Protein chains: 2
Amino acid sequence: MRPTMRDIALRAGVSKTTVSFAINDPSRISEATYARVMAVVAELGYVPDPVARTLTTKRLGALGLLLPQPIHEALRNPYLCEIIRGIGRVCEEKELSLTMIPPIKGRIVEAARRAFVDGLITVGLGPDHEAVEFLRKRHIPFATIDGLESGMAYNVGIDDEKAACGLMRYILERGHRNLAILSLMPNALSPPEEGLSPVRDRRLAGFSRALSGIGLSLGSAGIRVIACEASFGAGERAISLLLAGAREGLSAIVAMSDAVALGACFACKRLGMSIPRDMSVAGFDDIPDALLAEPPLTTVRQPGVEKGAAAATTVLTLLAGGRAEHCLLETELLVRGSVGDPSPLGAGGRA
Amino acid sequence: MRPTMRDIALRAGVSKTTVSFAINDPSRISEATYARVMAVVAELGYVPDPVARTLTTKRLGALGLLLPQPIHEALRNPYLCEIIRGIGRVCEEKELSLTMIPPIKGRIVEAARRAFVDGLITVGLGPDHEAVEFLRKRHIPFATIDGLESGMAYNVGIDDEKAACGLMRYILERGHRNLAILSLMPNALSPPEEGLSPVRDRRLAGFSRALSGIGLSLGSAGIRVIACEASFGAGERAISLLLAGAREGLSAIVAMSDAVALGACFACKRLGMSIPRDMSVAGFDDIPDALLAEPPLTTVRQPGVEKGAAAATTVLTLLAGGRAEHCLLETELLVRGSVGDPSPLGAGGRA
DNA sequence: CCGGTTAAGCAAATCGGTTAACAATCGCGG
DNA sequence: CCGCGATTGTTAACCGATTTGCTTAACCGG
């Protein structure tokens, strides 16, 4: 069995306290004793049990990320990876580890309960989500990413409404009137009580505002809103399915995530279409692949890494007893090659 | 402050023991008492402290992944993401969380020390790595991925030598004689004592064997071996640098990872070359992007997700006291579009 | 009415550390 | 040679749970 402090103390002929001092504060004991204790420590290969230590110090040395989906799916989402990388960068600096906490039995709050961490970060959860409520009640330091700004939780995000509106305006300015909007799922794995995605709602609102600028709405003819999981595969399937039916003049696809948009591109290409000649596609996030795609994807850049880093910093501030605040990051419309003019083909197909 | 078991006991007018029973084994107490206790539990929002519980139960409910690099860099590596996804899938099933543990002060073993986990998984560490030795000494259940098969640790991997040899044979059969091999760094962040990468060494051995089949070696004229971090950016830089000098007849680039290969492709394209007409590129791993690239990347598929899952399963087996064994997974040469015949241009340049 | 089960609840030990409070020893100035 | 502070080490309480025995009371058949 693994040696404990008692074993060391016994073998070195000192008390547990002395061993503890040798390890945590050598200045408290004589050099000779220190040497003797450490010799035994080395001999038995003793390492203090981090768990036991935690009981009194109250520090685990870990930050937790409450994932909205199973790890297996979450890491397929490049945008989420960016966020994790940002959190990781901060953890790195503070010598913390990062625990990814998937929902248990589909419930995030259940996962939050058993978390072995000093602080938590959530993604996509509004202030009335049961998990957020739980964290507040338990006074666990935490920050939300892509949640809602409220008195209930410190949030890190962007102005989704404005960004989405800007993107849609651009699409409309290019002349597109016949669109498929690939929205997000309410929440990948959510039973109703898990609450809806604040991000999705605000982006839809942004789209809506842009549309209303030219007298259209999300319900207008020619505007389809399709809920779609945030993954390449989901985007591909959604568009394949859509185009398998009548194309009905569709000239542009606007997705709420780049992963979905790239999936859509893939589906289009497989059907022999050329982008942006036969179909325009726009995304959201600016994941690394967006730039590498051919043509490079027109999208809204949002700083994923910075989001993660800001959230982690917020949690650490809270942990240190400091006063935190909401954080709103900048976005930018990146006009690249995937959006063109409405194709004559598309227009023709409509008739 | 967060309520403890004592608080509940006091308020419910029972002993701590009774509260513990109410939570862990209600059958041990009367229904009336159970109800009373749980009412107080609900009222105060009590949740047992997982850390304290662990002290006696010895189960943390978490698996740890010892990363060879900081999280920030590690997650940029799609292949590593695949591995993590595989581990995640297993964690999911067992309701465990997954802790990503970056090196501390550049030392993996230091990170292993403070890990709050039931079992660990390492990536790319040989049996003589100090971290692996530490884990053995401490009898922590663990498995290595891409390590070496040995009596010291259960390993999950592929036959790197054979796979690399197969890939190189194919390249040589297509007629290429003037190559750049993008090898891996000894280890992204390793001081010498961190040990070299077993994977790299065996793949080089495989390349070497294939080359020797036609009378060449890694040291022959026309064969360059360039160490390169396992990332898109590193591959891009390495090739940009290489091609900035004289091209010297180079007709093919063989990388040890797809990320690097894709970076190399990008660099080539930016210089106006067409793949595979002007330059052939082959990778290793078969990450999702490999198939999506244009042209799709010729590569060696190795099952990243399965690797992770197998390693996690191994650790769980060990944890349950069972007997584990090494796991050697299958690879497959995927001939796609990125490798062609040596270009006349390349051949000409050599003169 | 009695001995023997069973059920319900509790006190105390334990897990492996940290830390406050205190005791013993030493050195040194006065 | 006394007394005081600094140095070194120890004892014991504590962190928040689990778990082993033990006690008490209720119940049951004979």
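Values below: every heavy atom of this structure, side chains too, minus hydrogens, waters and symmetry copies. As the structure is a prediction and not an experimental result, all values here were calculated from the model. First the proteins, then the strands, lettered A, B, ... as listed; each starts at 1.
Put simply, the side chain of A:Thr99 does not reach to within 4.5 Å of the side chain of A:Leu60, judged on heavy atoms. No side-chain heavy atom of A:Ile121 sits under 4.5 Å from any side-chain heavy atom of A:Ile83. Taking 4.5 Å as the limit, every side-chain heavy atom of A:Ile29 sits out of range of all side-chain heavy atoms of A:Val14.
When the side-chain nitrogen and oxygen atoms of B:Thr54 are compared with OP1 and OP2 of C:dC15, none of them lie within a distance under 4.0 Å. An OP1 or OP2 oxygen of C:dA11 is reached within less than 4.0 angstrom by no side-chain nitrogen or oxygen of B:Thr17. At least one side-chain nitrogen or oxygen of B:Thr18 sits closer than 4.0 Å to the OP1 or OP2 atom of C:dC10. The side chain of B:Ser30 places no N or O atom within less than 4.0 Å of a non-bridging phosphate oxygen (OP1 or OP2) of C:dA8. A:Thr57 has no side-chain polar atom (N or O) that falls below the 4.0 Å cut-off from OP1 or OP2 of C:dT18. Residue B:Ser15 places at least one side-chain N or O under 4.0 Å from the OP1 or OP2 atom of C:dC10.
Among D:dG16, C:dG17, D:dT10, the nucleotide with an atom closest to any side-chain atom of A:Val14 is D:dT10. Relative to the side chain of A:Phe21, the nucleotides D:dG16, C:dT19, D:dT19 differ in distance, and C:dT19 lies closest. For A:Arg53, the side-chain atoms get nearest to C:dG17 when compared with the rest of D:dT18, C:dG17, C:dG9. Out of C:dG17, C:dC15, D:dT18, the shortest distance to the side chain of B:Leu55 is found at C:dC15.
Per the geometry, CD belonging to A:Glu31 stands 9 Å off P belonging to D:dT8, to the nearest Å. Spacing between atom CG of A:Leu60 and atom P of D:dC15 amounts to 18 Å, rounded to whole angstrom units. Atom CG in A:Asp25 sits about 12 Å away from atom P in C:dA20, given to the nearest Å. In this entry the distance linking CE of A:Met5 with C1' of C:dC15 reads 14 Å, nearest Å. In this structure, NZ of A:Lys16 is placed 10 Å from C1' of D:dA12, rounded to the nearest angstrom. Rounded to a whole Å, the CD1 atom of B:Ile8 is 12 Å from the P atom of D:dT18. Rounded to an integer number of Å, the gap from CZ of A:Arg59 to P of C:dT18 is 16 Å. One atom, CZ of B:Arg2, and another, C1' of D:dG16, lie 9 Å apart when rounded to the nearest Å.
Nucleic acid contact class of B:Arg28 (heavy atoms, under 4.0 Å, all strands): base. Within the 4.0 angstrom heavy-atom criterion, only backbone atoms of the sugar-phosphate kind lie near B:Lys58; the bases stay farther away. When heavy atoms are screened at a 4.0 angstrom cut-off, A:Val51 is found touching no nucleic acid atom at all. Using a 4.0 Å heavy-atom cutoff across all strands shown, A:Tyr34 reaches no nucleic acid atom at all.
Of the residues B:Leu328, B:Thr122, B:Thr144, B:Ile145, the one that meets the side-chain contact (heavy atoms from CB on, under 4.5 Å) test with B:Asn155 is B:Thr144.
Residues A:Leu319 and A:Pro141 share a closest heavy-atom pair of CD1-CG, 3.3 Å.
With DNA chain C read from its 5' end, the first of the two nearest nucleotides for A:Pro3 and B:Gly13 is the one closest to B:Gly13. Each of B:Ile23 and A:Ile29 was matched to the nucleotide of DNA chain D holding its nearest heavy atom; the match closer to the 5' end belongs to A:Ile29.
Side-chain atoms of B:Arg2 come within 3.5 Å of backbone N or O of B:Val47 as a donor-acceptor pair.
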